[in-house]
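Scroll down for the structure; my scribbles are underneath it.
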Amino acid sequence: MDELKPVEAALSALLEDVTPTPAETVPCDAAAGRVLAEAIEARLDVPAFDNSAMDGYALHHLDAGQRLPVVQRIVAGAPATPLARGTCARIFTGGALPPGADCVVMQERVTREGDVAHLPADLPAGDNVRRRGRDVASGARLLPAGERLEAAALGHLAGQGITEVVVRRRPRVALLSTGDEIVDPGAPLCDGQIYNSNRPMLKRLLERFGAELVRLASVPDDAAGTRDTLAAAAREADLVISTGGVSVGEEDHVKAALESLGQLDLWRLAIRPGKPLALGRLPGPAGQDVRFVGLPGNPVSCFVGAWLFLRPLMGALQGCPALAELPRLPAQADFSTSTGPRRHYMRVTLAFGEDGIVARAFRDQNSGVLSSCIGADALAEIPAETRIEPGDRLDCLWLRVD
């Protein structure tokens, strides 16, 4: 019998010699979720000029505590003229600080009598002023290569007036479902058949990880059909994923098809759920290797396998370090369990309190119970041959990530 491999061996085999997808230029308004292929330097200081952080009055701090004439009114977007000592300016949030002023006092602290303002004493220089370049200095690194462009990063680009970025092409993924018993939702069920819950679940996860799904197909339970479908998928995808068909049953043809077409790098893991997992390579266009991941058919095994293996692989294909591994949170168990020779990934919710994090396990951890994944905050990682009692410390892999 083949030796069961640890998770670390699977990740090593999966990520060995992975080459990121080619770069392409896209408009910033279409770049959400994409990964930068090259670093970007700032073209502008942000803020571009010293400006007021609030509505109030601009003055030189040495004039604090005096009655000063209000000689100009500065709104955001309007130019400011130099301010002489012994005077002040009415200013609004975002307004340019006039030359000669070095602080702003909020309007609530000022008494106004016509064109004269009574200013409080002891105003420090720089008070309520947003200095030029405080956020970003021109010529500094704005965003590194490998940055995933989410909301704040897109705002950073817009703040520089940047309209196009060079990003990694989305990895093209073929998602195959094996098993004559698997039926697409909307079709009538015959005796012994079930609806395909893995496909929409994995499609959503893969899209979150940055994939472009180029093929969604069902694979018949025969050797020739499985081989033909795998070969066709490898001609158009960077990654081929199958669900089911990787165990040892007479109708499980994926492993044999993979071995006949390409190579099997690893098969069967020492984890629960998800022991029957096949990793390998298929011949693609121009002699390029196309990665293959064969996930088990049970839906929870698919869910766990996607987070443990597909997410870091998608990260490597996009050159995105943030996808390499899930955040680990130390938590305290409020449940009892024990493991045998396989590492266990339990679906848990996390409660955050003053005394730390408490992990609460779903009662039914069977690999067919997909409902345990719906509300799961994390996967509690329980090492092999371990007994966990309430109060014991454990590591949880946080799933509430992009």
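For Val165 against Ala31, the heavy-atom pair with the smallest separation is CG2-CB, 3.9 Å. Between Val105 and Asn128, the shortest heavy-atom distance links the atoms CA-ND2, 4.3 Å. Nearest heavy-atom pair, Leu308 versus Pro312, reported as atom, atom and distance to 0.1 Å: O-CG, 3.2 Å.
The shortest side-chain heavy-atom distance between Leu59 and Leu119 falls under the 4.5 Å cut-off. Between Leu370 and Met201, some side-chain heavy-atom pair lies under the 4.5 Å cut-off.
Side-chain contact check for Thr349 and Asp377: no donor-acceptor pair (N or O, by modelled atom type) lies under 3.5 Å. Side-chain contact of Thr93 with Asp55: a donor-acceptor pair under 3.5 Å is present, judged by distance alone. For Tyr57 and Arg109, the side-chain atoms include no donor-acceptor pair closer than 3.5 Å. Side-chain atoms of Gln72 and Thr81 include a donor-acceptor pair closer than 3.5 Å. Asp265 and Gln263 share a donor-acceptor pair across their side chains, judged by distance under 3.5 Å alone. Of the N and O atoms on the side chains of Ser336 and Glu389, at least one donor lies less than 3.5 Å from an acceptor on the other residue.
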Checking salt bridge (charged side-chain N to carboxylate O under 4.0 Å, His left out) for the pair Arg311/Glu325: CA distance, chi angles, key distance, verdict? CA-CA 8 Å; Arg311 186 174 185 268; Glu325 58 184 5; over 6 Å; no
Step-by-step side chain to side chain donor-acceptor pair (under 3.5 Å) determination, Ser218 to Arg199: CA-CA 10 Å; Ser218 297; Arg199 179 181 290 165; 3.2 Å; yes
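Pairs engaging residues 205-225 under the ring-ring contact (aromatic ring centres under 6.0 Å, His included) rule: Phe209-Trp307 [sequence neighbours left out]. Each salt bridge (Lys or Arg N to Asp or Glu O under 4.0 Å) pair with one or both residues in residues 134-149, not counting sequence neighbours, appears once here: Arg148-Glu150.
Taking a cutoff of 4.0 Å between a charged side-chain nitrogen and a carboxylate oxygen, Glu236 and Arg215 qualify as a salt bridge. One finds no salt bridge joining Arg43 and Glu41 here, because no Lys/Arg side-chain nitrogen approaches an Asp/Glu carboxylate oxygen to under 4.0 Å. One finds no salt bridge joining Asp50 and Arg132 here, because no Lys/Arg side-chain nitrogen approaches an Asp/Glu carboxylate oxygen to under 4.0 Å. Using a cutoff of 4.0 Å between basic side-chain nitrogens and carboxylate oxygens, Arg268 and Glu3 are not scored as salt-bridged.
Residue Glu24 forms a side chain to side chain donor-acceptor pair (under 3.5 Å) with just one option from Arg34, Arg170, Arg169, and that option is Arg34.
Heavy atoms from other residues, nucleotides or ligands lying under 6.0 Å from CZ of Arg387 number more than 12. More than 12 heavy atoms of other residues, nucleotides or ligands shown are found within 6.0 angstrom of CZ on Arg168.
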Side-chain polar contacts of residues 284-304 - donor-acceptor pairs under 3.5 angstrom, sequence neighbours left out - could you list them?
residue: Arg291; atom: NH1; partner: Leu14; partner atom: O; Å: 3.0
residue: Arg291; atom: NH1; partner: Glu16; partner atom: O; Å: 3.1
residue: Arg291; atom: NH2; partner: Glu16; partner atom: O; Å: 2.3
residue: Asn298; atom: ND2; partner: Ser367; partner atom: OG; Å: 3.0
residue: Ser301; atom: OG; partner: Gly274; partner atom: N; Å: 3.4

